[in-house]
Amino acid sequence: MVINDNKEKALSILSRGDGKLQVHLNSCVRCGLCAESCIFYLSTGEERYIPARKVDLVSSVYRRYNTITGKLVPGLVKARELDEVTVMEMVDLLYGSCTMCGRCTAHCSVGVDISYLVRVGRAMLAEMGKVPSTLQSTVDAAIRTGNNMGIPVDELIDTLEWLEEDLQDDVGDSSAAIPVNKSNVSILYTLNPREPKFFPLSISAMAKIFYAAGESWTLSTKMYDVTNYAYYSGNLNEAREIARRLRDVMYELNARTCVLAECGHGSRSFRWEGPNYLQSSYSFETITSVELISRYLKEGRIRLDKSLNKERVTLHDPCNLVRSGGIFEEQRFILENAVSDFVEMNPYGYDNYCCGGGGGQLAMSEYGDRRLKAGELKVKQIKNTGAIIVVTPCHNCVDQLMQLNQVYKMNVKIKTLAEVVADALIL
Amino acid sequence: MQWYILISLGALAICLLSCLYHFFRLVRYGAPKDFSHKLGNTGAAIKYSFTGAMSPLKKESAYLHLPTYSAGMFYHIGTFLTIIVFLLQLTVIRFPVVLTYIFAFILILSAISGTGILIKRIVVRRLRKLSCPDDYISNIMVTLFQFITAFLLTGLIYQSVYYIAAAILLLYIPVGKLRHLVYFFAARYQLGYFYGWRGSWPPSKKY
């Protein structure tokens, strides 16, 4: 591995005049108490996975180039050169053993935003062209084709057409529709490209909910992808470009609210990070589909019969939606109305363990074994609930949970929130 | 004024200037900027960041490591006490004898806590691998100064030793991780702001 000319650009990230960055780079006291918050450490017991080690990788490089002690007596404060060995270790630990779930951050004894520093480290690696090729190819597909799976528009339209026919049969109304590219609607709805590719029934489920609520909504074939894998790769320019496309479609179609599909990082990257990538606030409302469904229920726009979902259900809280997105009560309110037997995992909510699929892990096949091992904790949590159905409002989590289900033989069904709600809808 | 007091005053000035440099650098960067639409209450979250989020009822790093957490709390109480004692020593204010012995007792306890934390860092393999010389030096200096302050308060040590020890510690603060004296508060503020903006902190009452 050769450190290229962009090393200086990577280092310049650390000297940015940003209060948040400077605070977190200088705050870790290496107490190591974050170890038990990390699914990678807990599932393997390997010391190198302790979150403080990941912080130290980034902050030790910071110290070497930005502090007097680090420049004069690097050994005293473990200040490290940004050399090949450091870069290799950064790639392995920052990409390969962190989902940026932020559990360590919330429990850090000092308050270091560890997942933010991991993201800073990834941004440095992105500057040096060290993003794992598997992750980068996902970003490239999004930049090149408008969606991370490279689905051609005509294939999407075909899928939506047969889903629309199914919807009409299901609700017994030939006017039921999955609208595409309509202007001046209330809602522009987004999709995770995994939905049209592998899980079309989750699109049907949401369309059925929109139908029941009598909503004015549309999808855009130009830009419907809620995901933004550049958030994970650390390439700020690409992340900005992906966010800009979705924002611009909102303006083009003059929609009032952008509803983000069930995708943890997608909702985070567009709702919370997007305006900062673009350095401007959105002039429209941005909410998640979880909040929208909860709103429909509260306003009486949809009615549910929870006796239609009799099996025991548990909920997996996506980290980016809950811990880093503040959505906690809505999904519980929905499930209380949609299922007869709901049981929480332990721990849950803000303290929930990551499933292991976040941080771009699902895209990086080279770390697949590690990802499945890290998911062991989630498997234990699920088994302890005795649930038959695991609901999660995140397609990344759905994918990881499905793989865990297969590998660890959990014998559960994995569903999105919209699917469970659609099953209980009273039309 | 004795030479050793002058030295410690010089060290205090350097330490203060350095800490103020770090503090004002952060102030110059300004409050966090966020272009997204705010969902929660940042003020309440910052308050929570310094209170509830630090409690062993909520913080996993605390409730899973109660002995270390308790030792850490004692250790930091002792550290702040040494700072108060040092500043008061430079004035004409003197404590009542009873208070002097209470302070000395607290400092002995906190110094023992600090020693325990140091031993843990040496003995526990995962902590040893995480550590650098600064971690050991910082701990040893602070712990020793707590013992020395306790001995000074009980008249067991020369003033010159106390002031020289204070000067060494004060000069070391800006060098290594003891700078978290400034950054800890900024980190809790930043974290509270981050979670508060998004509505994650303070946590839902239903949680």
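So you know, we letter chains A, B, ... as the sequences are listed, proteins then strands, and number each from 1.
Other residues, nucleotides and ligands contribute at most 12 non-hydrogen atoms within 6.0 Å of the OH atom of B:Tyr158. Surrounding CZ of B:Phe23 are at most 12 heavy atoms belonging to other residues, nucleotides or ligands under 6.0 Å away.
The main-chain N or O of B:Phe35 is found under 3.5 Å from a side-chain atom of A:Ser281 such that the two form a donor-acceptor pair.
Put simply, the side chain of A:Arg271 reaches to within 4.5 Å of the side chain of B:Leu39, judged on heavy atoms.
Ranking B:Arg28, B:Met54, B:Lys177 against chain A, the residue ahead of the rest is B:Lys177, based on heavy-atom pairs under 4.5 Å.
With a threshold of 4.5 angstrom between heavy atoms, A:Cys108 approaches chain B through N, CA, C or O but not through any side-chain atom. For B:Leu64, the part lying under 4.5 angstrom from a heavy atom of chain A is the side chain only. With a threshold of 4.5 angstrom between heavy atoms, B:Ile137 approaches chain A through side-chain atoms but not through N, CA, C or O.
To the nearest 0.5 angstrom, A:His24 atom NE2 is 5.0 Å from B:Gln190 atom CD.
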Could you pull out all donor-acceptor pairs under 3.5 Å where a side-chain atom in residues 318-330 of chain A meets a protein atom, sequence neighbours excluded?
residue  : atom : partner  : partner atom : Å
A:Asn320 : OD1  : A:Arg268 : NH1          : 3.0
A:Asn320 : ND2  : A:Tyr232 : OH           : 3.4
A:Arg323 : NE   : A:Cys101 : O            : 3.1
A:Arg323 : NH1  : A:Tyr350 : O            : 2.6
A:Arg323 : NH1  : A:Asn352 : O            : 2.9
A:Arg323 : NH2  : A:Cys101 : O            : 3.2
A:Arg323 : NH2  : A:Asn352 : O            : 3.4
A:Ser324 : OG   : A:Arg268 : NH1          : 3.2
A:Glu329 : OE2  : B:Ser204 : OG           : 2.5

N/O donor-acceptor pairs under 3.5 Å from side chains in residues 31-54 of chain A, not counting sequence neighbours:
residue : atom : partner  : partner atom : Å
A:Glu36 : OE1  : B:His65  : NE2          : 2.9
A:Glu36 : OE1  : B:Arg126 : NH2          : 3.4
A:Glu36 : OE2  : B:Arg126 : NH1          : 3.0
A:Glu36 : OE2  : B:Arg126 : NH2          : 3.3
A:Ser37 : OG   : B:Glu60  : OE1          : 2.8
A:Tyr41 : OH   : B:Arg126 : NH1          : 3.1
A:Ser43 : OG   : A:Ile39  : O            : 2.7
A:Ser43 : OG   : A:Phe40  : O            : 3.4
A:Thr44 : OG1  : A:Phe40  : O            : 2.6
A:Thr44 : OG1  : A:Glu46  : N            : 3.1
A:Glu46 : OE1  : A:Arg48  : NE           : 2.8
A:Glu47 : OE1  : B:Arg125 : NE           : 3.4
A:Glu47 : OE1  : B:Arg125 : NH2          : 3.4
A:Glu47 : OE2  : B:Arg125 : NE           : 2.8
A:Arg48 : NH1  : A:Asp92  : OD2          : 2.7
A:Tyr49 : OH   : A:Arg370 : NE           : 3.0
A:Lys54 : NZ   : A:Tyr49  : O            : 3.1
A:Lys54 : NZ   : A:Ser97  : O            : 2.6

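The shortest non-hydrogen separation linking B:Tyr29 to A:Gln22 is CE1-CG, 3.5 Å. Contact between B:Cys132 and A:Lys78 at its shortest, heavy atoms only, is CB-CB, 3.6 Å.
With respect to the salt-bridge test (charged N to carboxylate O, under 4.0 angstrom), the residues B:Lys58 and A:Asp351 do not qualify.
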